[in-house]
Amino acid sequence: MAIQLYNTLTRKKEPFIPLEEGKVKMYVCGPTVYNYIHIGNARPPIVFDTVRNYLTYRGYDVHYVSNFTDVDDKLIRTAKELGEEVPQIAERFIDAYFEDVTALGCKRADVHPRVTESMDIIIEFIQTLIDKGYAYESEGDVYFHTRKFDGYGKLSHQSIDELRVGARIAIGEKKQDALDFVLWKSAKEGEIKWDSPWGQGRPGWHIECSAMAKKYLGDTIDIHAGGQDLSFPHHENEIAQSEALTGKTFARYWMHNGYINIDNEKMSKSLGNFVLVHDIIKKHDPQVLRFFMLSVHYRNPINYNDELLENTRVGLERIRTSYENLKHRKQASAELTDHNEEWLQKISQHHEEFINAMDDDFNTANAISVLFELSKLANYYLMEKNTSAAVIEAFLKEFEDLFSVLGLSLEKEQEELLDEEIEQLLEQRIQARKDRNFQLADDIRDKLKEMNIILEDTAQGTRWKRG
RNA sequence: GGCGGCAUAGCCAAGUGGUAAGGCAUGGGUCUGCAAAACCCUGAUCACCGGUUCAAAUCCGGUUGCCGCCUCCA
């Protein structure tokens, strides 16, 4: 059965069938780089990186493009405030973005186009819209003539007249109609600007995605994704521009992730209630944040606070411990054949359940519950006196495969070697236990604990880990 | 005013017609020299009212509460 995917356009789950067999063209709206990203901004990269991983895992050749908005009003304002130039600010926060999302386990897109490097195609795009009668120039600005495009409102399911009633749409004097939106903005005194047939200025916000998606992925793409708040007006406008230009369907499937809330309210830069990824990952394992995001279905809101993150940490720890325990037992395992089939069968059942969960609109919450169940199964197996290397191996591989689909790491970032002092204490303690000098053994254990080394005595010997 | 989402155990969270996955926390137990890890046991009739159905958390209608988009925003 095909992967089912919820399409905002139709408001239904649909079987995912890409335009070209085996290939997926995917565009994810990227950040405006005028600040560090907050954890709400981090949701699309994480969610859609996971979608990409999964599609790849299922055999698709995925072409993934995600842009940077590196010039706009907010960047200009920030530059002015800081007394810097726009490109400087953009550069800095693009670097910071990569640093943050990489820590969160997101791989690079195939292309990360930037507005400032796409001026030629943007201008050409706008010019063609003018030529076709879908856009008009007005005192150095260019506007899209919204009413000329028939399908306007099909993504947000609003009729054009209802939108018009919306009290908050301002009528600019330069616009012919309140619903028209800007494609090109003329530069004010001292602002960063580019030459164009309509004078010096810069692109409006929506046009960049249309132009860049077309350039890197073609007229029709399979999946277009972003945060829920982009569906109107941003994505609606993209559809209008692109389809007016090409006469073809712009994107076949639209995916929108839900928000991150703080105290039940949307996290946003303008509300000021945001938590920066940059700060969070200083205090918490970034993998925990990713696990946290994926433990909720991507279309549902997530409420964020430290306590929830801590609970998540403990849960992730459980799976990792299970994985560590398997690795630890590997050497002590024999080439058994008894019951192997039975266990291998159970493992593959879990594998199927994971696939089923992900096939159902990327239900990572259910997929993760399968990981917990696999973990329980593994722990149960480890209770056996004699374990089979083949079964252990199968468990390990399963964990590794499924974790990598979710973009999660099974290893904690750490921590290689012990220093000599600790090494010695460990050996002393092993001897003490042999001598049944438990008082000394316990003292050493306490001492190591103070040094953040936690010991576990198992049937296969003593192990340590950092706390 | 238009469009949409949500309401499931102490907390987080799946499930969308056949009598409620999973995680965290709590309490009890097993294992262990003692711990740790692990395992077992422990909890909800799904906001409220009405309807459809042999059967509803799940469909329909209504009520209440919360949130979002319609304005820069992931």
Side-chain angles (χ1 to χ4, degrees), chain A residues 8 11 28-32 34 37-48 69 72-74 77 153 156-159 161-170 179 205 225-234 236 256-261 264-271 274 291-292 295-297 299-303 305 307-319 321-322 324-325 328 353 357 360 363-373 375-376 378-383 433 436-439 441-442 445-446 449 454-459 462-465 467:
Chain A
T8 309
R11 288 185 178 159
V28 180
C29 285
T32 302
Y34 70 106
I37 58 166
H38 60 61
I39 60 177
N41 298 319
R43 198 172 184 185
I46 291 175
V47 164
F48 299 114
T69 301
D72 87 322
D73 292 352
K74 289 179 301 249
R77 196 181 61 224
S156 48
H157 300 90
Q158 296 268 357
S159 85
D161 295 310
E162 280 157 354
L163 284 167
R164 213 193 144 77
V165 176
R168 288 190 283 185
I169 294 180
L179 287 170
W205 175 38
Q228 219 161 58
D229 45 0
L230 294 187
S231 70
F232 190 92
H234 185 55
E236 195 74 71
H256 293 99
N257 63 274
Y259 304 120
I260 307 282
N261 294 151
N264 240 359
E265 254 192 355
K266 179 185 173 184
M267 178 182 299
S268 78
K269 285 174 182 164
S270 39
L271 284 174
F274 56 86
F291 191 72
F292 176 69
S295 64
V296 178
H297 185 88
R299 281 190 280 117
N300 291 154
I302 300 182
N303 211 36
N305 64 51
E307 194 190 340
L308 292 173
L309 204 60
E310 173 57 18
N311 291 349
T312 303
R313 205 210 91 232
V314 176
L316 177 59
E317 201 60 37
R318 179 183 171 78
I319 298 172
T321 301
S322 179
E324 286 303 318
N325 289 343
H328 184 67
E353 279 172 37
D360 183 16
N363 195 329
T364 52
N366 275 338
I368 283 173
S369 85
V370 174
L371 284 170
F372 279 110
E373 280 162 2
S375 194
K376 174 154 286 190
N379 292 338
Y380 202 75
Y381 183 65
L382 290 174
M383 289 168 83
R433 290 187 75 228
R436 303 193 66 76
N437 183 351
F438 295 120
Q439 184 58 51
D442 289 355
R445 184 167 63 198
D446 288 346
K449 191 172 180 191
I454 294 170
L455 298 186
E456 294 180 14
D457 299 321
T458 74
T462 297
R463 303 167 55 192
W464 63 272
K465 64 179 180 186

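Because the structure is a prediction, the values reported are computed rather than measured. Below, each value reflects all heavy atoms present in this structure, side chains not excepted, and no hydrogens, waters or symmetry copies.
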* Pick base, sugar-phosphate or nothing for A:Asp442, based on heavy-atom distances below 4.0 Å to the nucleic acid. => base
* Asked: Any side-chain heavy-atom pair from A:Glu324 and A:Glu317 closer than 4.5 angstrom?
  -> no
* Asked: Expressed in angstrom and rounded to an integer, what is the separation of A:Asp457 atom CG from B:A36 atom P?
  -> 12 Å
* If you take all heavy atoms of A:Ile260 and A:Gly40, which pair is closest and at what distance? -> CG1-CA, 3.5 Å
* Asked: Over how many whole Å does the gap from A:Phe48 atom CZ to B:A74 atom P extend?
  -> 13 Å
* To do: Report which part of the nucleic acid A:Gly40 touches: base, sugar-phosphate, or nothing (heavy-atom distance under 4.0 Å, all strands).
  => base
* **Main-chain N/O of A:Asn366 paired to A:Asn363 side chain as donor or acceptor, under 3.5 Å** => yes
* **Integer angstrom distance from the C1' of B:A37 to that of B:C11** => 24 Å
* To do: Would you mind reading off the distance between A:Lys465 atom NZ and B:A35 atom C1', rounded to a whole angstrom?
  => 12 Å
* Structure fact -> In Watson-Crick or G-U wobble terms, with both distances under 3.5 Å, the base opposite B:C59 is B:G51
* **Pairwise side-chain contact, A:Ile368 with A:Phe291, heavy-atom cut-off 4.5 Å (strictly under)** => yes
* If the P atom of B:C54 is compared with that of B:G65, how far apart are they to the nearest Å? -> 35 Å
* Structure fact -> For nucleotides 12-30 of chain B, 5' to 3', base contacts (B), sugar-phosphate-only contacts (S) and non-contacts (-) with protein non-hydrogen atoms under 4.0 Å give SSSS-----BSSS------
* Structure fact -> Using Watson-Crick geometry (N1-N3 plus N6-O4 or O6-N4) or G-U wobble (N1-O2, O6-N3), each under 3.5 Å, B:C46 is paired with none
* Between CG of A:Asn311 and CZ of A:Phe292, what distance do you get to the nearest 0.5 Å? -> 9.5 Å
* To do: Sticking with atom P, work out how far B:A25 lies from B:C31, rounded to a whole angstrom.
  => 23 Å
* Please determine if A:Asp446 and A:Lys449 form a salt bridge, counting it only when a charged side-chain N lies under 4.0 Å from a carboxylate O. => no
* **N or O in side chain of A:Arg11 less than 4.0 angstrom from B:G4 OP1/OP2** => yes
* Complement of B:C24, any strand, by Watson-Crick or G-U distances under 3.5 angstrom -> B:G10
* Should A:Glu310 and A:Arg313 count as an ion pair when the cut-off is N to O under 4.0 Å? -> yes
* Which part of the nucleic acid does A:Ile37 contact within heavy-atom distance under 4.0 Å: base, sugar-phosphate only, or nothing? -> nothing
I'd like a table of atom pairs between the protein and nucleotides 64-69 of chain B - only N or O on both sides, under 3.5 Å - with the distance next to each one.
unit_1, atom_1, unit_2, atom_2, d
B:G68, O2', A:Tyr259, OH, 2.8
B:C69, OP1, A:Lys266, NZ, 2.9

* To do: Examine the side chains of A:His256 and A:Thr8 and answer whether a donor and an acceptor come within less than 3.5 Å of each other.
  => yes
* Asked: Does A:Arg445 reach the side chain of A:Asp457, with side-chain heavy atoms less than 4.5 Å apart?
  -> yes
* Got more than 12 heavy atoms from elsewhere within 6.0 Å of CZ, A:Phe438? -> yes
* Asked: Given the C1' atoms of B:C69 and B:C24, what is the spacing between them in whole Å?
  -> 33 Å
* Asked: Considering every strand shown, what is the Watson-Crick or G-U wobble mate of B:G1 when both distances are under 3.5 Å?
  -> B:C70
* Asked: Counting any heavy atom closer than 4.0 Å, what does A:Ser270 reach on the DNA or RNA strands: base, sugar-phosphate only, or nothing?
  -> base
* Structure fact -> From CD1 of A:Ile454 across to P of B:A36 the rounded distance in Å is 11 Å
* **Assigned partner base of B:A38, Watson-Crick or wobble definition, under 3.5 Å** => B:U30
* Asked: Are OP1 or OP2 of B:A38 and a side-chain N or O of A:Asn379 less than 4.0 angstrom apart?
  -> no
* Would you sort out whether A:Asn325 and A:Arg463 count as a side-chain contact (heavy atoms from CB on, under 4.5 Å), showing the intermediate values? => CA-CA 10 Å; A:Asn325 289 343; A:Arg463 303 167 55 192; 2.4 Å; yes
* Asked: Looking only at atom P, what distance separates B:G22 and B:A44, rounded to whole Å?
  -> 14 Å
* To do: Find which nucleotide of RNA chain B each of A:Ala441 and A:Ile39 is nearest to by heavy atoms, and output the residue with the more 5' nucleotide.
  => A:Ala441
* Asked: With sugar-phosphate meaning primed atoms plus P, OP1 and OP2, does A:Asp72 contact a base, only sugar-phosphate, or nothing at under 4.0 Å between heavy atoms?
  -> nothing
* Atom CZ of A:Phe438 and atom P of B:C34: how far apart are they, to the nearest Å? -> 9 Å
* Within the structure shown, what part of the strands sits under 4.0 Å from A:Ser268 by heavy-atom distance: base, sugar-phosphate, or nothing? -> base
* To do: Nearest whole angstrom, please: distance from the P of B:A38 to the CG of A:Leu382.
  => 11 Å
* Provide, to the nearest angstrom, the distance between the CZ atom belonging to A:Arg445 and the P atom belonging to B:U32. => 15 Å
